[in-house]
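First the structure, in the form of structure tokens, and then the observations on it.
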Amino acid sequence: LWSFGGETPSTPTAATVAYDPSTNTWASAPNMSFARSAVSGAAIGNHLVAAGGNTGATSTAATEILDAGTASCAEPTTTFSEAFDGVTPPALPPGWTATNAEGPPPLWETSHTGQPTPSFDTPPNAAFIDSPGVISDKRLDSPSIPISTADAQLTFRNNYYTETTFDGGVLEISIGGGAFQDIRAAGGTLVVGTYDGTLQQFLDNPLAGRLAWTGNSNNGFVTSVAIL
């Protein structure tokens, strides 16, 4: 049993502690990288995920991975980051590609206006795609990103407003230039901000029958974290 952060008594703490039921004892573990309370946690194999919380002044979407086998809480190292804020809409950043496997234009692009609101998570832009009234399969591919650790994770923010179970989006990965497949089928795990519905079948939907992000993201951007 692990406990992340909290308040002592009214100030957030970065402390991490572990309880061993076999010995009925608590032991200190390495601290998180910064103090926060109301932290969410999940166990995935020998990995523990501490996500979100409140720093006392503001909420945070920060996520850290704790290796339960060595009880070490590592500072995450960012290999790749993109907020889509360094370009002029509708251009995409270098290396990003947009295609329509099915359906009419437009393609994925950057934007700072439109629905759903808010139109961006960090100013001034976000990557944006429409929700047309016809069958479509619109794809946004990142540049190739080297992964050199078994503890790699992907964090992103997503704001969507679709027709529940009819329309949706998924996260796919191509490993070593191979075919794209759902992050879960490729061995990854969504631990925060997981898929929230199954898309209906027999409607010529390219994603029919698959788990996806569908419906409404509670009228704002939500955080998703995938362990790769």
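Keep in mind that this is a model prediction, so the values were computed, not measured. When a residue number appears, it is its place in the shown sequence, counting from 1.
- For Arg157 and Thr223, the side-chain atoms include at least one donor-acceptor pair closer than 3.5 Å.
- Looking at Leu140 and Leu92, their side chains come closer than 4.5 Å, going by heavy atoms from C-beta outward.
- Here the closest non-hydrogen pair linking Ser37 and Gly6 is CB-O, 3.6 Å.
- For the pair Leu190 and Ala226, the tightest heavy-atom approach, listed with the atom from each and the gap, is CD2-CB, 3.9 Å.
- Considering only heavy atoms from C-beta on, Glu82 stays 4.5 Å or farther from Pro143 through its side chain.
- Cluster membership check: Val225 does not share its hydrophobic cluster with Leu211, using side-chain heavy-atom separations under 4.5 Å among Ile, Leu, Val, Met, Phe, Trp and Tyr.
- We find the CD1-OG1 distance between Ile145 and Thr79 to be 8.5 Å, quoted to the nearest 0.5 Å.
- Contact detail for Ala126 and Ser119: the closest heavy-atom pair is CB-O, 3.5 Å.
- Looking at Thr55, its side chain never comes within 3.5 Å of a backbone N or O of Arg36 through a donor-acceptor pair.
- Each of Thr165, Asn205, Asp167 was scored for a side-chain hydrogen bond (donor to acceptor under 3.5 Å, both in side chains) with Gln200, with one residue passing: Thr165.
- In the hydrophobic cluster analysis, where Ile, Leu, Val, Met, Phe, Trp and Tyr join through side-chain heavy atoms closer than 4.5 angstrom, Phe84 is grouped together with Val222.
- No side-chain donor-acceptor contact under 3.5 Å links Asn125 and Thr110.
- In this structure, Thr117 and Asn219 have side chains that are not in contact, with every pair of non-hydrogen atoms separated by 4.5 Å or more.
- In this structure, CZ in Phe80 is found 10.0 Å from OG in Ser144, a value given to the nearest 0.5 Å.
- You'll find the side chain of Ser217 stays beyond 4.5 Å of the side chain of Asn158, heavy atoms only.
- Rounding to the nearest 0.5 Å gives a distance of 13.5 Å between CZ of Arg184 and CD1 of Ile173.
- The structure places CZ of Phe128 at 12.5 Å from CG of Leu107, a figure rounded to the nearest 0.5 Å.
- In the model, Thr63 has no side-chain atom that pairs as donor or acceptor with a side-chain atom of Gln153 under 3.5 Å.
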Acceptor/donor pairs from residues 191-198 side chains to any protein atom, 3.5 angstrom cut, sequence neighbours excluded:
from   : atom 1 : to     : atom 2 : distance (Å)
Tyr195 : OH     : Leu171 : N      : 3.1
Tyr195 : OH     : Leu171 : O      : 3.4
Tyr195 : OH     : Asp182 : OD1    : 2.8
Asp196 : OD1    : Thr214 : N      : 2.8
Asp196 : OD2    : Tyr160 : OH     : 2.5

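- Residues Phe221 and Pro118 come closest through the heavy atom pair CE1-O, 3.4 Å.
- Distance check: Leu207 CG to Leu199 CG gives 6.0 Å after rounding to the nearest 0.5 Å.
- When the side chains of ILVMFWY residues are joined at heavy-atom separations under 4.5 Å, either directly or via intervening members, Phe120 and Val87 end up in two distinct hydrophobic clusters.
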Could you give the side-chain donor-acceptor pairs of residues 93-106 under 3.5 Å, partners two or more places apart or in another chain?
from   : atom 1 : to     : atom 2 : distance (Å)
Asn100 : ND2    : Pro104 : O      : 2.9
Asn100 : ND2    : Pro106 : O      : 3.3

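- The closest side-chain heavy-atom distance from Ile65 to Ile227 is below 4.5 Å.
- Minimum heavy-atom separation, Val170 to Trp213: C-CZ3, 3.8 Å.
- Taking CD1 of Ile183 as the reference point, atom CG of Leu154 lies at 7.0 Å (rounded to 0.5 Å).
- For the residue pair Ala50 and Val39, the shortest heavy atom distance occurs at CB-CG1, 3.8 Å.
- Annotation: Phe180, atom CZ; neighbour count of heavy atoms from other residues, nucleotides and ligands within 6.0 Å is above 12.
- Although no hydrogens or angles enter the test, the distance criterion places no donor-acceptor pair under 3.5 Å between the side chain of Ser136 and the main chain of Lys138.
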